[in-house]
Amino acid sequence: MAVLTILVSFIPAHALGQDPRMPIHAGQSELPIGEMPRLKQLLAQDPSIPASCRTRIVLARALLAQHAPSRELVEAAGNNFCGPDPLLYWDLAAELNERGEYLGEALEYATWSARRYANDAIGQLNPALLIASIHIKRGELDLVISILSKFRESDSGAFAWLGLAYEKSNQVDRAIGAYIQSVGAQEIWSTIPPQGERRSMRLPEFNLEEMYRKRYGSLAGLAARIKSARRAAFRVMYNRFVIALRG
């Protein structure tokens, strides 16, 4: 939770907009046929036109389902974080990040989504890796390294993104070390049962053996380092389990 707090602190509070308290429903009323073009035109002509939170959410969700252009998604979502609907904003952030467009807005959406879940404890949604991916695409590698290097050894996904940040920073040895930790923790990370709503994202691809051989001339020592990383991941999970039992 401490790392998540660090993550959400990078967006100023005033940039997060108002937070009208509306219940969160995954399947809010659908947009009537014929309404989407009219609402899109209104928002395009004058984004300040007051549209209800529910209207914006329904429009944004409909546009997202139709794979609408990024500009239309951002116009529909607005900047007041209507709803609140953390899952929708996570989806918007993930879509924009996948396209590599409107990354500033994507970062705000993902950060707000993380803050909502952290503050309200309404489910399991940790956009930390999504936020890291957006930062990497924005070239903010040092920031990603600073954040993800604090993650537990059992978090395979965090170390995969950390390795990518190191690799893009030309810190090959540290990139290899992070990838080894990611591989070592995969067995544990994949067995953690989901709780409540979840969103998943594709992790960066890497060829650890190829990188290791290129850097050190052979694969000597790689298996031992992965085994050590696996033991460290198990140790972290065991300690967390013991702490949980003690209450």
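No hydrogens, no waters, no symmetry mates; every other heavy atom, side chains included, goes into these values.
For the atom pair Ile134 CD1 and Glu105 CD, the distance stands at 10.5 Å (nearest 0.5 Å). The structure places CG of Leu164 at 11.0 Å from OG of Ser182, a figure rounded to the nearest 0.5 Å. If you take CZ on Arg230 and CZ on Arg235, they are separated by 13.5 Å, rounding to the nearest 0.5 Å. To the nearest 0.5 Å, atoms CG (Leu64) and CD (Glu72) are separated by 12.0 Å. For the atom pair CZ of Arg61 and CD of Gln66, the computed distance is 13.5 Å after rounding to the nearest 0.5 Å. In this structure, Leu59 CG and Glu75 CD are separated by 10.0 Å, a value rounded to the nearest 0.5 Å.
Across all their heavy atoms, Ser149 and Leu162 have their closest contact at CA-CD2, 3.9 Å. When all heavy atoms of Ala76 and Leu63 are compared, the pair lying nearest together is CB-CD1, 3.6 Å. The nearest pair of heavy atoms linking Trp90 to Ser113 is CB-OG, 3.8 Å. Pairing each heavy atom of Ile131 with each of Ala114, the nearest pair is CD1-CB, 4.4 Å. Tyr212 approaches Ile180 most closely through the heavy-atom pair CE1-CD1, 4.4 Å. Considering all non-hydrogen atoms of both residues, Glu167 and Ala175 come closest at N-CB, 3.6 Å.
In summary, the side chains of Glu108 and Tyr89 do not present any donor paired with an acceptor at a separation below 3.5 Å, with no hydrogens or angles considered. Side chains of Tyr109 and Asn97: a donor-acceptor N/O pair is absent below 3.5 angstrom, by distance only.
Although no hydrogens or angles enter the test, the distance criterion places no donor-acceptor pair under 3.5 Å between the side chain of Lys137 and the main chain of Ser133. Distance alone, capped at 3.5 Å, places no donor-acceptor pair between the Ser169 side chain and the Gln171 backbone. Between the side chain of Ser228 and the backbone N or O of Ala224, no donor-acceptor pair lies under 3.5 Å.
By the 4.5 Å heavy-atom criterion applied to side chains, Val236 and Asp155 are not counted as neighbours. Two residues are said to be in side-chain contact when any heavy atoms from C-beta on lie closer than 4.5 Å; Ile176 and Tyr216 meet this criterion. Within the 4.5 Å cutoff, the side chain of Leu96 has no heavy atoms near those of the Leu103 side chain.
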> Under the side-chain contact (heavy atoms from CB on, under 4.5 Å) criterion, do Phe206 and Val183 qualify, and how do the steps go?
Replying inline: CA-CA 10 Å; Phe206 58 90; Val183 172; 3.9 Å; yes
>> Go through it in stages, so that I can follow the logic: the residues are Met211 and Tyr179, the test is side-chain contact (heavy atoms from CB on, under 4.5 Å), and I'd like the CA-CA distance, side-chain angles, deciding distance and then a yes or no.
In response: CA-CA 10 Å; Met211 181 179 287; Tyr179 288 146; 3.8 Å; yes
> Given Arg99 and Leu73, is the side-chain contact (heavy atoms from CB on, under 4.5 Å) satisfied, shown in steps?
Replying inline: CA-CA 12 Å; Arg99 299 178 184 183; Leu73 294 177; 3.9 Å; yes
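Screening Leu141, Leu148, Asp142 against Val144 for a side-chain contact (heavy atoms from CB on, under 4.5 Å) leaves a single residue, Leu148.
Of the charged side-chain nitrogens involved, none lies within less than 4.0 Å of a carboxylate oxygen, so that Lys214 and Glu210 do not count as a salt-bridged pair.
The neighbour count for Arg174 CZ, taken as heavy atoms of other residues, nucleotides or ligands under 6.0 Å away, does not exceed 12.
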